[in-house]
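Shown next, in structure tokens, is the structure this report addresses.
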Amino acid sequence: MIDYTDKIPNNVDLGRDRVLQRALEHWQPAYMNWWYDMGPSESHALEVYLRTATSVEPDGWAQFGYVRMPEYRWGIFLQPRDAARQVNFGVHKGQPAWQEVPGEYRSTLRRVIVTQGDTEPASVEQQRLLGMCCPSLYDLRNIFQVNVEEGRHLWAMVYLLHRYFGRDGREEAEALLERRSGDVDNPRILGAFNEPTPDWLAFYMFTFFTDRDGKFQLCALAESGFDPLARTCRFMLTEEAHHMFVGETGISRILQRTCEVMQELKVENAGDVRALGVIDLQTMQKYLNFHFSVTIDLFGSDASSNAASYYTTGLKGRYEETKIEDDHELQNAEYPVLEVSGNKIITRNVSALTALNERLRDDYIAEIQGGVDRWNKIMEQSGISFRLTLPHKGFHRAIGNFAGHFISPEGAVLSKETWENNRDKWMPSAEDQKFVQSLMTGRVIEPGKFANWIAPPIRGINRQPLNFEYVRFN
Ligand SMILES: [Fe+2]
Ligand SMILES: [Fe+2]
């Protein structure tokens, strides 16, 4: 169980390490300042029906109740230690998992933790204005839940920095509160976390695609030989599942509503669909193309010596490492990667170690495809022939083998000019964004009411009815 009587709730026996406790208590007010500045806009007085972690056991860890978000009990929760755990891959395979940072991997591990940690406050910053145009109280509560949990994920990474990296770690923890998403001078570390999330369609796409990148990165780090990192990532994953649920069901509900209107009023043409105040399926496809492509860039270069060394040294594993049946060293293994050769895309086998980013990206894409298939069932059941598709892996890429190439969603290698001429057909144009923005007028906060462009969910949160007062404005 988690001790909530402490100033900083935790299950790591923080009270026994006074120096660490003081360092974190010093960071806490800076964190609160960041939350007041960059957390959800005009939300501080609202009472939100949130879940709070009460235990780190897989079942029954959540407690629901009304909370003002600045009073949310952010804290430090690690999955319990398994004394028999080992390093499960790389050259240290078979050694006991490390409880302290191995000196030679210190700077690498710190960089990995900072890069993960930086994404957590970034997404809160990206989403901070969306509460002002929420489609329902249910959705408003969900975005707030996501936001407080991303705040807690920041705490999780900051704990590791403070506990295991001394002064450097404390400085990094401060810098995490200083960078800002989209800031020209001091941006967040990774590209997708500097893109704006200007509307709820972008928010659901972000939580479906980009939070799932988070899931896969956390899964790879949950295999780490550095045990405290593995344990903290395992617990973060239980929270991540809800974020992806919000994304997938959000998109489903938009598709559902659009299909209902198309069927009822017998309209097909995108312009006619829009005229009825719902989002046309072509626009859904364009948003999908954009979010998919910027998110798969987050996995890094197709061939990466960093990825190889993270693996070889036991710092970052593969997705479900211990379920894979091979030697877990990969010295002689190969993996196929794509590259552009002339005007064709070809497959080339490279060392499996350097291709680990690509492998994680492929695992991710397979899971994404499952979600897209579920979305397509909605159109199928409505008798609408339109289907969403994932664009080619090379489409609109800025990192890796496809960077600098111009690939169509179907996988054709194009000239820059041809690609640019088609850009607005493939990705949200200024006009598309303006249309979606035009639906985000004001917030819908009457219990049980939903904006016209989105269907209600199938069920409420924690078995509450749909007309439950998920957020109290008082
Ligand atoms: Fe997160
Ligand atoms: Fe998340």
Side-chain angles (χ1 to χ4, degrees), residues 31 34-35 38-40 48 50-53 56 61-62 69 72-79 112-128 130-131 139-161 173 176-177 179 181 188-195 197 200 202-222 224 229-251 291-292 294-296 298-299 316 319 360 364 367-368 371 461:
Y31 170 81
W34 169 80
W35 180 268
M38 297 313 293
V48 189
L50 294 177
R51 67 173 186 183
T52 303
V56 294
W61 63 275
M69 283 187 285
Y72 187 77
R73 304 306 317 274
W74 285 288
I76 300 154
F77 318 128
L78 272 64
Q79 208 177 60
V112 167
I113 292 169
V114 166
T115 308
Q116 176 62 42
D118 192 67
T119 66
E120 315 291 356
S123 64
V124 176
E125 293 164 4
Q126 288 168 294
Q127 296 161 13
R128 68 182 298 269
L130 291 176
D139 290 282
L140 186 62
R141 176 264 168 216
N142 281 352
I143 194 172
F144 289 159
Q145 182 74 59
V146 171
N147 293 157
V148 293
E149 287 175 351
E150 301 303 5
R152 209 202 61 73
H153 291 176
L154 172 61
W155 270 92
M157 294 297 118
V158 163
Y159 164 71
L160 295 175
L161 290 171
L176 284 169
L177 296 175
R179 285 186 285 273
S181 176
R188 292 293 171 186
I189 296 169
L190 299 170
F193 292 88
N194 289 302
E195 299 281 350
T197 310
W200 279 77
F203 168 69
Y204 296 128
M205 289 285 179
F206 185 96
T207 40
F208 179 77
F209 285 103
T210 312
D211 281 73
R212 192 178 314 272
D213 160 69
K215 168 189 165 175
F216 278 76
Q217 299 300 337
L218 292 175
C219 282
L221 295 175
S224 181
L229 175 61
R231 287 159 56 210
T232 195
C233 288
R234 290 245 170 258
F235 184 67
M236 289 162 77
L237 281 165
T238 62
E239 294 167 320
E240 213 58 76
H242 175 68
H243 308 176
M244 293 179 293
F245 161 85
V246 169
E248 180 166 339
T249 54
I251 299 294
H291 285 269
F292 176 71
V294 298
T295 303
I296 59 176
L298 291 171
F299 290 84
K316 184 177 175 186
Y319 180 57
L360 194 60
Y364 167 86
E367 197 175 284
I368 286 284
I461 291 294

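Along the sequence shown, residues carry numbers from 1. Counting starts at 1 for both ligands and their atoms, in listed order.
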Phe208 six-ring centre to Arg212 NZ/CZ under 6.0 Å and within 45° of normal: yes

Protein N, O or S atoms under 2.8 Å from the Fe ion (ligand 1): 3

Partners passing side-chain contact (heavy atoms from CB on, under 4.5 Å) against Thr119 (at least two apart in sequence or in another chain): Gln116, Leu190, Phe193

For Phe299, ring-ring contact (aromatic ring centres under 6.0 Å, His included) partners two or more places apart: Tyr364

Test of ring centre spacing under 6.0 Å for Trp200 and Tyr204: yes

Side chain to side chain donor-acceptor pair (under 3.5 Å) partners of Gln145, counting only residues at least two apart: Arg141, Glu149

Point-to-point distance, once rounded to the nearest 0.5 Å, from CG of Leu298 to CD of Gln217: 7.5 Å

